[in-house]
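These notes are about the structure you will find just below.
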Amino acid sequence: MLRRRLNRLCGGDEKRVDSRTIYVGHRPCPDTEAFIPSKFCDNRIVSSKYTVWNFLPKNLFEQFRRIANFYFLIIFLVQVSELSSFIICNTEKDLQALPATIECEQPQPDLYKHYLAFLSLGPENLLLKGATLKNTKKIYGVAVYTGMETKMALNYQGKSQKRSAVEKSINAFLLVYLCILISKAVVCTTLKYVWQSKEGQDEPWYNQKTQKEKDTNMYLKMFTDFLSFMVLFNFIIPVSMYVTVEMQKFLGSFFITWDKDFFDPEIQEGALVNTSDLNEELGQVEYVFTDKTGTLTQNNMEFIECCIDGFQYKHRDTRCELDGFTVTDEPVNKLQQKKEELFLRALCLCHTVQVKEAGSEEVLTDQVDGIDGMQPQPEEERGFIASSPDEIALVRGAMEYGFTFLGLESKSMKIKNRENNIEEYKLLHVLNFDPVRRRMSVIVQTKSGETLLFCKGADSSIFPRVKPEEVDRIRMHVERNATEGYRTLCVAYKQLSAEEYAVADTGLREARLTLQDREQKLMAMYNQVETGMSLIGATAVEDRLQEEAAETMEALQGAGMKVWVLTGDKMETAKSTCYACRLFQRGTELLELTVRTLEDGRLKREEKLLELLRDYHRRAVQDAPPVKAGVTRSWSTANQDYGFIIDGATLSLMMNPPREADASQYRSLFLQICQNCTAVLCCRMAPLQKAQIVKMVKNSKGSPITLSIGDGANDVSMILEAHVGIGIKGKEGRQAVRNSDYAIPKLKHLKKLLLAHGHLYYVRIAHLVQYFFYKNLCFILPQFLYQFFCGYSQQPLYDAAYLTMYNICFTSMPILAYSLLEQHISMEILLDNAALYREIANNAMLRWRPFLYWTVLGIFQGLLFFFGVRFLFSNPALQDNGQVFGNWSYGTIVFTVLVFTVTLKLALDTRHWTWINHFVIWGSLAFYVFFSFFWGGIIWPFLKQQRLYFVFANMLSSVSAWLVIIILILLSLLPEILLVVLRKPRGPHSRQVYLFLPFPF
């Protein structure tokens, strides 16, 4: 298992082409061969983050990634978590004795490729782990892959600890303040011994040393003094900040769940927060990776119209058009022509749809890939099961015109025509759809013995294989439907003679039985059979978008986010969805990098891949106009918009080329091209490939913040890989929701989640972090300066009660309330002006310039507090009775100015006032005054020394003290007031932002 995991990490699984042999019924190998028992993986799947063995080291590593935890541990020396169990799934198969041998390839994560050499088995015969048995009572099967070798397990992305950009900034700032703390301790320790080296200073007459002190080692004493200064100044490291941050994240997450705009009446649910640690990350997203089916679209296809031999039949309107002109004498519901019936028969036969018979109490619904609840059907109608929703739409479209598909029984397909007569066709072969051919075909035989081939596919795939004169009558309708955003398919047929069918049948069977180069041989046979066809018509199907999907995508792009669509669907389907969502515009030039574009007889696929990458890089990057001055975001694009399309097979070749040296070059060119494109479409993606794409972008230059959103189990890997994972409560189960950080009912809710909640969460917590460092610097700087006037004796400036209560009671509640309730810009403005999201991009409020501003402000105010009060104490007579203030009065005055200044600074920053803000701000100041009177007005029996007895009351009896306190508060806040008044905003909506942001970065 360890070797398999290493292979996965190194991309080795995709390169394994060796086969394995499975003996059904424990059949031994032939006598002529040596018998070596096969060792296969058991059926246990481990998907937990922790195990019994790795919990302790892994959890400790996660905890000590926060530098503060390591620092607090050291300080504690100076003065286990949740265990997730194994998720084990054991399945046992009761197989009847069957003498057979199956030869298949080694396990690999590609969902779309699988080779079996046994009775012409292929991918359609492989049931993936997690499949549900439908429409049949029981089956017999053979387990070819088990446990961690199943495709689902190979595509599973392990959970990792996600850390926000704010947390990383806190670690960086903490290192700076830790250096300041150590510097202060070193300076004071050094100056202490320099000062004591002078005669009479080390041992004054009033403080004689004991014999033990004289015998103490000099260096040990210096180290002890250093630790004492560290403890004295350790309040500069805001321990309470981490508690406040956790409270802010936890309590703030409830605003998402309480938001009524996120409530969906259809499912009677709202938003869900699984991880509150990433709230602020919602305001820093640069790349959005979204699934298509069920996320951008409703996965609900509707048949719109069809074109038969140049006649246009609209399902919504009972009329017929010829080359754009309405013909009123041929209504749709009275089809008589032979081509019309042939076209409808083709729709009823050319598919892989199964009929779902309802039980006595079962509600009939269509199903796509096992997804229930597509469209409830009346009792007299049948439900359908299909691998693609557009197949169901085409079958139902034929039903509207009088031809009904009744089902497939023992290779016999039955349909009911307009006269309610049952027609039977023998299904001979199914030529499956693949992304290279972009078409599928069936070969059927009528009761009269005629052999017919029906083919449907993309226009670019069908038109070259039919007569040119037939194309002209259909092309105009196909292009118009594509322009309108509909998914179009062309339908053709061919009558096979007995000789032609015999050749085709033999070739197809031989190709399916081979193990080596099966794809190439099948492709050659498909191309040979699907030639010389006659074009019948074309269809237009609408894949309904999610509500407000296009508006949401426009808002995200307007906010500066890059949107990538990662889907397992075929390219044509996904491309039409991108146009409908306005990710691709009509003027967008599409750069395609797919298997079809790599087909070149002159060059190898690797050489053609490099040639295309270089060509696209030249067009999208090198030849692009220079970026406008002042614009530094990667989302800025040239005048010509580019869109990029890549498929899973090409991505595998790019990620794992034959020569490892080419991998970095491929990825570098690919990322540079994509960064200059307005949108990127990745189609035919396996779940693990989705995660690889997200990881590649996440680890690219600049480490951009990524977000993945999806609704199905196949999206779990990319949801876990991205910085932020969003699950949609859709129709494909709740695996995406359970593995996500946040869950929302509809895609449209993503707009408010990011542009409003994310923006505000980031601003609030960024201000909280900067404010905590600032107020603690103001708090401890006078303590440091006081050492210069007390002989470096580690004498504290403040009383122990003030030291304890400063961060716990006096200044904690105002910033907590601010970080929960502040709205410097209303949510309505944030939603209407997506560009405001850019103002806080790239962690703007926690970069070094704002941090330097807050630090300088803290130093300025700390110096003003200390020396302003010292100026007051230059006059010895401060009381009416002629008595002078002592050192505790000095510290109390400094502390009073400090508490009022930092609290009023927060009041100046507040833009959205509520009764809670008023209560905690003015209440905290009132509580400080009350506590000071209360603490100093009573002789406490548990205190050995009553340092503040009536100190606060005596201080307020002095008019000079009142005057100094008021003047110092005003002088401390004056620079902040002037900065707000004099600073000019830039841009139409920058006034709201710049009135709030602490530094004009």
Side-chain angles (χ1 to χ4, degrees), residues 124 306-309 335-355 386 391 394-395 397-399 401-419 421-434 437-459 461-467 469-471 473-474 489-509 511-512 522 525-539:
E124 65 275 10
C306 62
C307 174
I308 306 174
D309 197 26
L335 298 176
Q336 299 293 335
Q337 298 181 9
K338 182 179 179 181
K339 270 201 171 183
E340 293 171 349
E341 295 184 352
L342 186 62
F343 176 82
L344 295 174
R345 287 188 177 93
L347 294 186
C348 287
L349 296 172
C350 188
H351 55 71
T352 57
V353 175
Q354 299 180 26
V355 175
E391 289 201 323
L394 293 178
V395 172
M399 289 176 60
Y401 298 122
F403 279 75
T404 304
F405 175 61
L406 301 179
L408 173 65
E409 297 179 4
S410 301
K411 294 292 184 178
S412 177
M413 303 181 76
K414 296 181 181 181
I415 62 175
K416 182 171 66 174
N417 58 26
R418 289 194 306 109
E419 287 76 23
N421 296 325
I422 305 299
E423 300 179 4
E424 291 191 18
Y425 297 85
K426 183 180 180 181
L427 180 61
L428 302 175
H429 288 283
V430 176
L431 282 60
N432 291 316
F433 174 88
D434 66 72
R437 289 168 52 243
R438 297 191 294 175
R439 59 185 182 273
M440 76 154 294
S441 302
V442 295
I443 301 177
V444 297
Q445 189 178 55
T446 65
K447 277 193 172 182
S448 61
E450 291 181 334
T451 303
L452 300 175
L453 178 141
F454 291 106
C455 180
K456 68 179 181 183
D459 56 326
S461 177
I462 298 294
F463 286 168
R465 299 179 175 275
V466 298
K467 300 174 183 178
E469 59 271 16
E470 297 174 337
V471 173
R473 297 194 296 267
I474 305 294
L489 287 175
C490 294
V491 181
Y493 90 104
K494 175 183 179 182
Q495 185 170 351
L496 300 176
S497 63
E499 293 77 12
E500 288 177 324
Y501 173 70
V503 174
D505 180 62
T506 302
L508 289 171
R509 292 182 183 276
R512 285 174 178 149
L522 280 175
M525 284 306 305
Y526 291 166
N527 292 331
Q528 180 180 334
V529 175
E530 296 168 334
T531 53
M533 298 183 293
S534 296
L535 184 62
I536 314 174
T539 63

Worksheet item: Is there a donor-acceptor contact under 3.5 Å linking the side chains of Ser410 and Ser412?
Response: no

Practice prompt. Identify the two heavy atoms, one from Val491 and one from Ala346, that lie closest to each other, and give their separation to 0.1 Å.
Written response: CG1-CB, 3.6 Å

Discussion item. To check you understand the geometry: which heavy-atom pair defines the closest contact between Val430 and Arg512, and what is its length?
Written reply: O-NH2, 2.9 Å

Item to complete: Would you check if Arg418 and Phe403 make a side-chain contact, meaning some heavy-atom pair closer than 4.5 Å?
Response: yes

Worksheet item: Should Lys416 and Ile422 count as side-chain neighbours, where that means a heavy-atom distance under 4.5 Å?
Response: yes

Item to complete: For residues Leu342 and Phe454, determine if any side-chain heavy atom of one lies less than 4.5 Å from a side-chain heavy atom of the other.
Response: yes

Worksheet entry | Non-hydrogen atoms of Met525 and Leu508 that approach each other most closely | CB-CD2, 3.8 Å

Worksheet item: So, the side chain of Arg465 versus the backbone of Glu530: is there a donor-acceptor pair under 3.5 Å, distance only?
Response: yes

Worksheet item: To the nearest 0.5 Å, what is the distance between OG1 (Thr451) and CD (Glu500)?
Response: 10.0 Å

Worksheet item: Side chains of Glu423 and Asn417: is there a donor and an acceptor less than 3.5 Å apart?
Response: yes

Discussion item. side-chain contact (heavy atoms from CB on, under 4.5 Å), that's the test. Do Leu406 and Val355 meet it? Break it down for me.
Written reply: CA-CA 7 Å; Leu406 301 179; Val355 175; 5.8 Å; no

Fill in: Heavy-atom check, side chain of Leu428 versus side chain of Asp505, under 4.5 Å
no

Worksheet item: Quick one: which of Gln495, Glu470, Lys494 gives a side chain to side chain contact (heavy atoms under 4.5 Å, CB included) with Ser534?
Response: Glu470

Response to the item:
dist Leu394:CG -> Leu347:CG (nearest 0.5 Å) comes out at 6.0 Å

Practice prompt. Flag yes if more than 12 heavy atoms outside Glu409 fall under 6.0 Å of its CD atom; otherwise flag no.
Written response: no

Worksheet, complete the sentence: To the nearest 0.5 Å, atom CZ of Phe343 lies from atom CG of Asp309 at 11.0 Å

Worksheet entry | Reported CZ-to-NZ distance for the pair Arg439 and Lys456, which is rounded to 0.5 angstrom | 14.0 Å

Worksheet item: Is the closest side-chain heavy-atom distance between Leu535 and Phe463 below 4.5 Å?
Response: yes

Item to complete: Can you label the angle between the His351 ring and the Phe405 ring as parallel, tilted or perpendicular, going by 30° and 60°?
Response: perpendicular

Worksheet item: Do Ile443 and Val529 come close enough that some side-chain heavy atom pair is under 4.5 Å?
Response: yes

Worksheet entry | Minimum heavy-atom distance between Ile536 and Ile474, given as atom pair plus value | O-CD1, 4.4 Å

Worksheet item: Distance from Tyr401 atom OH to Leu344 atom CG, nearest 0.5 Å?
Response: 8.5 Å

Worksheet item: Which heavy atom in Val442 sits nearest to a heavy atom in Cys350, and how many Å separate them?
Response: CG2-CA, 3.7 Å

Fill in: Backbone N/O of Val503 and side chain of Thr506: donor-acceptor pair under 3.5 Å
no

Practice prompt. May I ask you to test the Arg345-Leu452 pair for a side-chain heavy-atom distance under 4.5 Å?
Written response: no

Worksheet item: Taking all atoms of both residues into account, what is the closest heavy-atom pair of Arg473 and Cys307, and its distance?
Response: O-SG, 4.4 Å

Worksheet, complete the sentence: Taken to the nearest 0.5 Å, the spacing of Leu427 CG from Lys411 NZ works out to 5.5 Å

Practice prompt. Would you indicate whether the side-chain heavy atoms of Phe433 and Thr352 approach each other to under 4.5 Å?
Written response: no

Worksheet item: Heavy-atom count around Tyr493 OH within 6.0 Å, excluding the residue itself: above 12?
Response: no

